[in-house]
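Values below: every heavy atom of this structure, side chains too, minus hydrogens, waters and symmetry copies. Just so it is clear, the model here is predicted, and its values are computed rather than measured. Residues take their numbers from the sequence shown, with the count starting at 1.
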Amino acid sequence: MKRLLVANRGEIAVRIIRAARDLGISTVAVHSTADTDARHVRLADAAVEIGPPAANKSYLVADAIVEAARSSGADAVHPGYGFLSERAAFAAAVSDAGLAFVGPDAAVIDQMGDKVRARQVAAAAGVPTVPGTPGGVEDVAAAVAAAAEIGYPVMLKAAAGGGGRGIRVVDDEAGLREAFPAASREAANAFGDGRMYLERFVRRARHVEVQVLGDGSDAVHLFERECSLQRRRQKVVEEALAPGIDAGVREGMTAAAARLAREVGYRSAGTVEFLVDDETHEFFFIEMNTRIQVEHPTTELVTGVDLVAEQLRIAAGERLSRAQDDIVARGWAIEFRINAEDPTRGFLPSPGKVGTVELPAGPWVRVDTWLESGATVPPFYDSLLAKVVVWGEDRESAIRRSRRALAEFTVEGVPTTAGLHTEILDQEWFGAGEFHTGALEQWLSEREEPA
């Protein structure tokens, strides 16, 4: 691998360009007309404009990106996360063009991207799955019959995609009959497939994911991350490791994730996501994300493994650089996603011109960002400005360092969620590690209620 095209923007594009440069690989950025002066464009060795600001006319146009790779002399393409990163057709197009795709094979993306097929593969590999339908259901009658067997409450989920699209929780048959048509339409609009599947809804669940690396022949895990603190099914704070997970659950869950990766011949970095029942401590497979995750820095800080560099090495044909016994978790890491949103106005996105930017630094503080003084936050894309990631010898010291780091984070000109993270750190339930997937939204709701 000599020249890498980065098919993304923002902080992940910056992150990938830096990893490539560390390995002596030259880089090509792609950009819309809105990102002509963006940081990732200036960091790369070359840049290609691929279209107007709207993502569906630039960053989501596979043909334009493949052509940019060809014309710039790239021999590999890294999709980052979001955009085209989990589109099997894009991975196939890159490979068909004679380029290395930095990710799993298109067939694996297709297999694991279909939530029903992924559940079936997981079950065949001996990975526990949430009780639910073995396949997708296409109409209300089939959903009602399935729910009667599973038992209420149930969760309706899109068979062909994730990201919170099409998800509904229903408590009874009447609720299911009402929710199914809308959920199916939403799934069809988002993924071109209106099939739904049903699974048991766990009232108090943790969202815990396991990082894996595979080279197509073997796979290893790099321990787990806690991702339960979510708003509208979007992660807000992540940790590695997961508080409240005992050694037995950790061992079983991480072994299951690596086993699944080996079962599908996984190649690259990926994440196996689980629900952990807070009461019974059972864990259940949810889905596999066939790409690098936003929260990957927490795993890097506790294991010392550069996941993006590993992706690049594997895509270049190398085997795994570490055996499972060589991977050890040390200390604790916490990541805070800081968005250009106004928490006082219902998290309204806040694009605009940025004034002075001051980023935290010092021992064991990492900031992944595209942000700099004088930059403009465009209204066309995700509102993520930066990820503040800290490491400590244990969770308590990581929390203390997090307070210091967030206090040093300053962005003038646009509202951000930095202050909200400081408030979260001060909550007793956060310090105790006693939360679940509904905890953050419950706290936000109570916080907004008048006294």
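Looking at every heavy atom in both residues, Ser85 comes nearest to Ile109 through O-CD1, 4.4 Å. Here the shortest heavy-atom pairing between Gln311 and Ser268 reads NE2-OG, 3.2 Å. A pairwise comparison of heavy atoms in Ile16 and Gly80 identifies CD1-CA, 3.8 Å as the closest pair. Across all their heavy atoms, Leu312 and Ala19 have their closest contact at CD1-C, 4.3 Å. When every heavy atom of Ala315 is checked against every heavy atom of Ala100, the shortest pair comes out as O-CB, 4.0 Å. Closest approach of Leu84 to Ala62, counting heavy atoms only: CD1-CA, 3.9 Å.
Arg15 contributes no side-chain N or O that, together with a main-chain N or O of Asp368, makes up a donor-acceptor pair within less than 3.5 Å. Side-chain atoms of Asp278 never come within 3.5 Å of backbone atoms of Arg204 as a donor-acceptor pair (strictly under, hydrogens ignored). Remark: the backbone N or O of Gly270 is paired with a side-chain donor or acceptor of Gln211 at under 3.5 angstrom. In this structure a side-chain-to-backbone donor-acceptor pair under 3.5 Å is present from Glu224 to Ala242. Remark: the backbone N or O of Leu198 is paired with a side-chain donor or acceptor of Thr133 at under 3.5 angstrom. In this structure, Asp35 contributes its side chain and Ala38 its backbone to no donor-acceptor pair below 3.5 Å. Looking at Trp370, its side chain does come within 3.5 Å of a backbone N or O of Leu384 through a donor-acceptor pair. A donor-acceptor contact shorter than 3.5 Å links the side chain of Ser184 to the backbone of Gly194. A donor-acceptor pair under 3.5 Å is absent between the side-chain atoms of Asp215 and the main chain of Ile314, judged by distance alone. With Glu263 contributing its side chain and Ala122 its backbone, the two residues share no donor-acceptor pair below 3.5 Å.
Heavy atoms of other residues, nucleotides or ligands lying less than 6.0 angstrom from CD of Glu393 number 12 at most. The 12-atom threshold is exceeded at CH2 of Trp443, counting heavy atoms of other residues, nucleotides or ligands nearer than 6.0 Å. Within a 6.0 Å radius of CD in Gln324, other residues, nucleotides and ligands contribute more than 12 heavy atoms. By the 6.0 Å contact criterion, CD on Glu67 is enclosed, its count of non-hydrogen atoms from other residues, nucleotides or ligands being greater than 12.
Looking at heavy atoms from C-beta onward, Ile17 lies out of side-chain contact with Arg39 at the 4.5 angstrom threshold. Side-chain contact between Ile12 and His296 is present, with heavy atoms from C-beta onward closer than 4.5 Å. At a threshold of 4.5 Å between non-hydrogen side-chain atoms, the residues Trp332 and Ser397 do not count as touching. Considering only heavy atoms from C-beta on, Val308 comes within 4.5 Å of His78 through its side chain. Side-chain contact between Ile65 and Ile50 is present, with at least one heavy-atom pair separated by less than 4.5 Å. For the pair Leu420/Phe347, a side-chain contact is recorded, criterion being any heavy-atom separation below 4.5 Å from C-beta on. Arg119 places a side-chain heavy atom less than 4.5 Å from the side chain of Tyr197. Contact of the Val237 side chain with the Leu425 side chain is not registered, since no non-hydrogen atoms from C-beta on lie closer than 4.5 Å.
A salt bridge does not link Arg319 to Asp218: none of the charged nitrogens lies less than 4.0 Å from a carboxylate oxygen. Salt bridge annotation for Arg313-Asp306: absent, with no cationic side-chain nitrogen under 4.0 angstrom from a carboxylate oxygen. A salt bridge between Glu341 and Arg232 is absent, with no side-chain N of the basic residue lying under 4.0 Å from a carboxylate O of the acidic one. Note on Glu310 versus Arg322: salt bridge recorded, some NZ/NE/NH1/NH2 to OD/OE distance being below 4.0 Å.
Only one option out of Val389, Ile424, Ile334 pairs with Ser402 in a side-chain contact (heavy atoms from CB on, under 4.5 Å); it is Ile334.
In terms of the side chain to side chain donor-acceptor pair (under 3.5 Å) criterion, Asn56 has no residue partners (sequence neighbours excluded). Evaluation of the side chain to side chain donor-acceptor pair (under 3.5 Å) rule for Arg403 yields Asp426 as partners, not counting sequence neighbours.
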Can you check side-chain contact (heavy atoms from CB on, under 4.5 Å) on Leu440 and Phe435, steps first, answer last? CA-CA 8 Å; Leu440 182 61; Phe435 45 79; over 6 Å; no

Take Lys115 and Asp193 through the test salt bridge (charged side-chain N to carboxylate O under 4.0 Å, His left out) and record every step on the way to the result. CA-CA 12 Å; Lys115 301 303 184 288; Asp193 185 343; over 6 Å; no

Would Val6 and Leu4 count as a side-chain contact (heavy atoms from CB on, under 4.5 Å) if you check the C-alpha gap in whole Å, the side-chain angles of each, and the deciding distance to 0.1 Å? CA-CA 6 Å; Val6 181; Leu4 175 73; 4.2 Å; yes

Please determine whether salt bridge (charged side-chain N to carboxylate O under 4.0 Å, His left out) holds for the pair Asp382 and Arg337, giving the CA-CA distance in whole Å, both sets of side-chain angles, and the decisive distance to 0.1 Å. CA-CA 12 Å; Asp382 185 272; Arg337 298 191 189 193; over 6 Å; no

One pair to check against side-chain contact (heavy atoms from CB on, under 4.5 Å): Arg267 and Val108. What are the steps and the verdict? CA-CA 9 Å; Arg267 186 170 58 87; Val108 173; over 6 Å; no

side-chain contact (heavy atoms from CB on, under 4.5 Å) assessment of Asp171 paired with Tyr152: CA-CA 6 Å; Asp171 294 316; Tyr152 291 97; 5.7 Å; no

Should Glu300 and Lys387 be marked as a salt bridge (charged side-chain N to carboxylate O under 4.0 Å, His left out) after you check the CA-CA gap, both sets of side-chain angles, and the distance that decides it? CA-CA 14 Å; Glu300 293 181 328; Lys387 303 179 315 197; over 6 Å; no

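Side-chain contact annotation: Ser72 with Arg3, donor-acceptor N/O pair under 3.5 Å absent. If you check the side chains of Gln293 and Arg291, you find a donor sitting under 3.5 Å from an acceptor. If you check the side chains of Ser228 and Arg206, you find no donor sitting under 3.5 Å from an acceptor. A donor atom on one side chain and an acceptor atom on the other are not found under 3.5 Å apart for Arg9 and Ser32. Looking only at atom types and distance, the side chain of Arg21 has no donor-acceptor partner in the side chain of Thr27 under 3.5 Å away.
Rounding to the nearest 0.5 Å places CG of Leu99 at 7.0 Å from CZ of Arg70. With rounding to the nearest 0.5 angstrom, the CG atom of Asp96 is 12.5 Å from the CZ atom of Phe101. Note that CD of Glu11 and NE2 of His40 are 12.0 Å apart. Values are rounded to the nearest 0.5 Å. Rounding to the nearest 0.5 Å gives a distance of 8.0 Å between CD of Glu238 and CZ of Arg225. Residue Ile150 holds its CD1 atom at 14.0 Å from CZ of Phe201, rounded to the nearest 0.5 Å. Note that NE2 of His207 and CD1 of Ile286 are 4.5 Å apart. Values are rounded to the nearest 0.5 Å.
Between Tyr59 and Tyr381, the ring centre distance stays below 6.0 Å.
Taking the ring centre of Phe430 as origin, the terminal cationic atom of Arg395 falls inside the region bounded by 6.0 Å and 45° from the ring axis.
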